Amino acid sequence: MNKNDVKEILRKQWIETPSWAYGNSGTRFKVFAQKGVARNPFEKMEDAAQVHRYTGVAPSVAVHIPWDKVDDYSALAKHARDLGIKIGAINPNVFQEDDYRLGSVCNPDPRVRRKATDHLLECVDIAHETDSFAISLWFADGTNYPGQDNIRARQDRLHEALQETYDAMNPGLQMLLEYKLYEPSFYTMDVPDWGTSLLQCLALGDQAKVLVDTGHHALATNIEFLVASLLRTKRLGGFHFNSRFYGDDDLMVGAADPFQLFRIMFEIVDAEAVTPEAGVAFMLDQCHNIEPKIQAEIRSVMNVQEATAKALLVDRDELKKLQLAGDVLGAYELFSDAYATDVRPLLAEMRTEMGLDPDPIGAYQRSGYQKKIEEERVGGTAAGWGA
Ligand code: RM4
Ligand code: MN
Ligand code: MN
């Protein structure tokens, strides 16, 4: 693909940032407070708007309920619109209450399942009210010990709750079902992998799709392979991008393995699914424990753009010829040459053409926004993971 075509596609890319990236976070050992951190969902929107301002491709923010609970969601949506962005995926939280010790929608107790399902329904209402494109579901449900509960019965309970939620959704809304191999449940997770997610989605209908969180796999998993399979069956709902070196740790996307990110993006390019019309959502799911948060989100958006640009540079016609001719090394060389290309000048040029600063991080640093929030956001409680 030539340079101008690459830029045209990249300009249309849409990368969503998560509201929880703008709050304080840490591990179970320590949460480190940073100065100027947003104290409420409105301030988180302001920070997210900065990321969009300097990258031009991050026009939406995912919210997590109840972390981002407000009295008036229309007011929050309006605040976002006034800042030039919008509310993205609505993420219900059914993992932080004592009631959920044995699970939420898969809990053996029907009372707890009712409570969890009601929260999912509340999130469907919020999605309708804020004109969001999706509810994005992740369940911490599972078991810690063999024999603890009936594996099949838990799948049935999961289906029942998802069906009730699905039935409440307007036709334009999507349900994204995320999976995670392990943690917080250590023996079985009820949605541990893309196969389980896909089976549950298939039982619901076209509006239900699989969400791939890049940090939620066994270490040797070939993520681009499963992405290709999901694209083929039109059931790839989107991504939660992040990096992990060992287990799920929500580091910046592209930090651990930029080549893997390139390979994933190549599958997206090959299925012509980079731009929003294709219906694949590119969302970041990250927490910035020790690094400055807004800059880390800008950096992450840039990392996704770089991987996408390199993937777009693969000459697919030529690659196909080499593949059909059985030219193993030729195909590999063409593929790796695209990866080895320095796409930063191309992206800088594109930003200038979009009326942006070619250097998003530098522009943010020079803007004085960080100083301003550090001075203004005093008093109150900084938002945090779980607060
Ligand atoms: C989970 C999962 C979800 C996210 C929570 C905070 O590991 O990735 O997407 O909402 O963390
Ligand atoms: Mn996630
Ligand atoms: Mn995660």
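Remember, it's 1-based here, ligands and their atoms both numbered in the order they're listed. Along the sequence shown, residues are numbered consecutively beginning with 1. None of the values given here were measured: they were computed from a predicted structure.
- Using a 4.0 Å cut-off between charged side-chain N and carboxylate O, Lys293 and Asp47 make no salt bridge.
- In summary, Glu306 and Arg299 engage in a salt bridge, as defined by a charged side-chain N under 4.0 Å from a carboxylate O.
- Panel detail: the Mn ion (ligand 2) has protein N, O or S atoms under 2.8 Å away, 4 in number.
- The closest approach between any non-hydrogen atom of His216 and ligand 1 is below 4.0 Å.
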> Between Phe262 and Phe335, is a ring pair (Phe, Tyr, Trp, His ring centres under 6.0 Å) present by the stated rule, with each step listed?
Replying inline: CA-CA 10 Å; Phe262 161 78; Phe335 202 72; 5.2 Å; yes
>> side-chain hydrogen bond (donor to acceptor under 3.5 Å, both in side chains) for Glu46 and His79? Distances and angles first, verdict last.
In response: CA-CA 9 Å; Glu46 286 155 27; His79 185 62; 2.9 Å; yes
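- Contact check on Glu375 versus Lys371 returns a salt bridge, with a Lys/Arg side-chain nitrogen under 4.0 Å from an Asp/Glu carboxylate oxygen.
- The contact set between ligand 1 and Lys180, taken as ligand atoms under 4.0 Å from a residue heavy atom, comprises 7 (O).
- Near Asp248, meaning under 4.0 Å from any of its heavy atoms, are these atoms of ligand 1: 7 (O).
- Interface atoms of ligand 1 facing Asp213, defined by a heavy-atom separation under 4.0 Å, are 8 (O).
- The His240 neighbourhood of ligand 1 comprises atoms 9 (O), with distances under 4.0 Å to a heavy atom of that residue.
- Ion pairing of Lys115 with Glu97 is present here, as a side-chain N (NZ or NE/NH1/NH2) and a carboxylate O approach within less than 4.0 Å.
- Using a 4.0 Å cut-off between charged nitrogen and carboxylate oxygen, Glu318 and Lys321 count as a salt-bridge pair.
- At a cut-off of 3.5 Å, with distance as the only test, no side-chain donor of His288 or Gln295 sits close to an acceptor on the other residue.
- With a 4.0 Å cut-off on non-hydrogen atoms, Asn93 does not touch ligand 1 at all.
- Side-chain contact of Asn4 with Glu8: a donor-acceptor pair under 3.5 Å is absent, judged by distance alone.
- Checked for salt-bridge contact, Arg157 and Asp149 meet the test: a charged N lies under 4.0 Å from a carboxylate O.
- For ligand 1, the polar-atom distance check against His64 finds a nitrogen or oxygen pair separated by under 3.5 Å.
- Taking only nitrogen or oxygen atoms, main chain and side chain alike, Trp20 does not reach within less than 3.5 Å of ligand 1.
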